[in-house]
S.K.: 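Below: one structure in structure tokens.
Just so it is clear: chains get the letters A, B, ... in the order the sequence lines come, proteins before strands, and each one is counted from 1. Note: hydrogens, waters and symmetry copies are ignored here, and every other heavy atom, side chains too, is used.
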There are 2 protein chains.
Amino acid sequence: MSLPVGLPAVADSDLVGQVARILTQAIVQGRLPPGSKVVEAGIARELGVSRAPVREAARLLEKQGLLVAKPRRGFFVRKLEIRNIDEIYDLRLCIERHASVLAARNLTTESRDALRRQIDVLHKTADLDDPARQVEEDYRFHRLIFEIADNRRLLRLFDDLAAELRMVIGLIGRLYDDPHEIARTHEPLLAAIEAGHPERITAHVDYHIGHAWREVGKLARELALPAGDAAEAPGGILIPTNGVTV
Amino acid sequence: MSLPVGLPAVADSDLVGQVARILTQAIVQGRLPPGSKVVEAGIARELGVSRAPVREAARLLEKQGLLVAKPRRGFFVRKLEIRNIDEIYDLRLCIERHASVLAARNLTTESRDALRRQIDVLHKTADLDDPARQVEEDYRFHRLIFEIADNRRLLRLFDDLAAELRMVIGLIGRLYDDPHEIARTHEPLLAAIEAGHPERITAHVDYHIGHAWREVGKLARELALPAGDAAEAPGGILIPTNGVTV
DNA sequence: CAAGACTAAACTGTCGACAATCGACGATTA
DNA sequence: TAATCGTCGATTGTCGACAGTTTAGTCTTG
């Protein structure tokens, strides 16, 4: 009768997922720089697979916003423009406020401890002089908040945004000169969440994210990234206005 | 030399996009009911294309949340669970507050008039006794707000959410008994946006969306949709914690 | 020397094919 | 009788191929 003995749960072949992860990594780490072309056959050969899974993975990344598809020309790594950065941070600010308030509402002793532990990790990591790791652990903290908020769509959205943000940060370089600063600024945020006052929470999120936004924006402008007000890519699948046939 | 004669913009071959739109329509209109299996070969045959574009389109819809992919089993229309509805409305409330405030900030006489005209359209549509059309025009109004907010990511997100919402509404049936009610409730919202007070705006959005949320939730519970707290689908592509090699 | 025409290579979009796997159904066994 | 096993059709995952288009490079021409 098959006792529910544990769970080896064999690894799915799932080439598409793997390719998507690998591509994401490559983009986020800057190995595929913004604007560069993603040649399907090249990726396929390099990974030892055929083009079909690569295309499907590329489509996913396109929907996620890391790639842009130009018909008959292929996929390109999305270019970083000031406008993109502003859009990303604007959206992030919007959802992180919300997630933080939700997290406060759902906060348990365990989840609170998890957040505290993560702040400790941030402090410890600060001594390592490993910017990539620092970014990673920072991401972990904020992701925790979204996990506690307990809305899977919100979490997915954050992950998608985070991938783009990593691209930005990777390109721009380290964010703070003092890595301990990064750790310290999380404490009042957590305090506000523990206190549970929505206004205080959003104020702290605004300060926290807004600071990063301004910093990144400043650096981006120094690097003279294009503004990018042009239409760029038509984007998502819009539901056309058709005479519904229900 | 090709004078830049604007705009026929021939329908790109772009099979993937077309298939995605068609599939979206079918799902939203309930022709592919929640939980049903999407057989690649079947769709392909029916549309007269091969499986490759169908798969790519399905992957897009998966990322969008309309489909769920079970490895080695195929794609299934996402089941409607109470939890999904709550997540969708929660996220929608979050972004629509934000978009409305942004829209107020960006409001011009033209965009204001566009919103007013759309309310007129809503009133006119109310006499037609065409629920599908009513939903369509309602969607238009809210989409306008996101367009005015002028953040492409926000807009795309709204479109994605809207597709899921249509599925919900299509399944649950008409939302209001009095279609004029739906039109009237937009007026104070627009008034608040014109006034430009963030607090008043969010309050009105909360009321407006919250009302729909409660209505839909009530109907969903009457239909005894499953709660769906189970893990369901792992979801987005997470960036694994790897030793970065920069 | 620069602008344009032409050619060849590279690449995308799409297709059909094949092996591996899943699910159902009936046979087998305790 | 109920549970397990084996078989078979249906379906997915993946691949290689081919036509049409884009791109890069070369050659021509004013």
S.K.: Once salt bridge (charged side-chain N to carboxylate O under 4.0 Å, His left out) is applied, do any residues pair with B:E137, and if so which ones, sequence neighbours excluded?
M.R.: B:R133, B:R140
S.K.: Testing the 3.5 Å rule here: is there a donor-acceptor pair between the side chains of A:W213 and A:D86?
M.R.: yes
S.K.: Along nucleotides 6-19 of chain D, 5' to 3', which nucleotides get a B, which get an S, and which get a -, given that the test is a protein heavy-atom distance under 4.0 Å?
M.R.: -----SBBBB-B--
S.K.: For B:R55, check salt bridge (charged side-chain N to carboxylate O under 4.0 Å, His left out) against everything at least two apart and list the hits.
M.R.: A:E56, B:E40
S.K.: Under 3.5 Å, is there a donor-acceptor pair between the A:N106 and A:D150 side chains?
M.R.: no
S.K.: Looking only at the side chains, is there a donor atom on one of B:Y139 and B:D159 sitting less than 3.5 Å from an acceptor on the other?
M.R.: yes
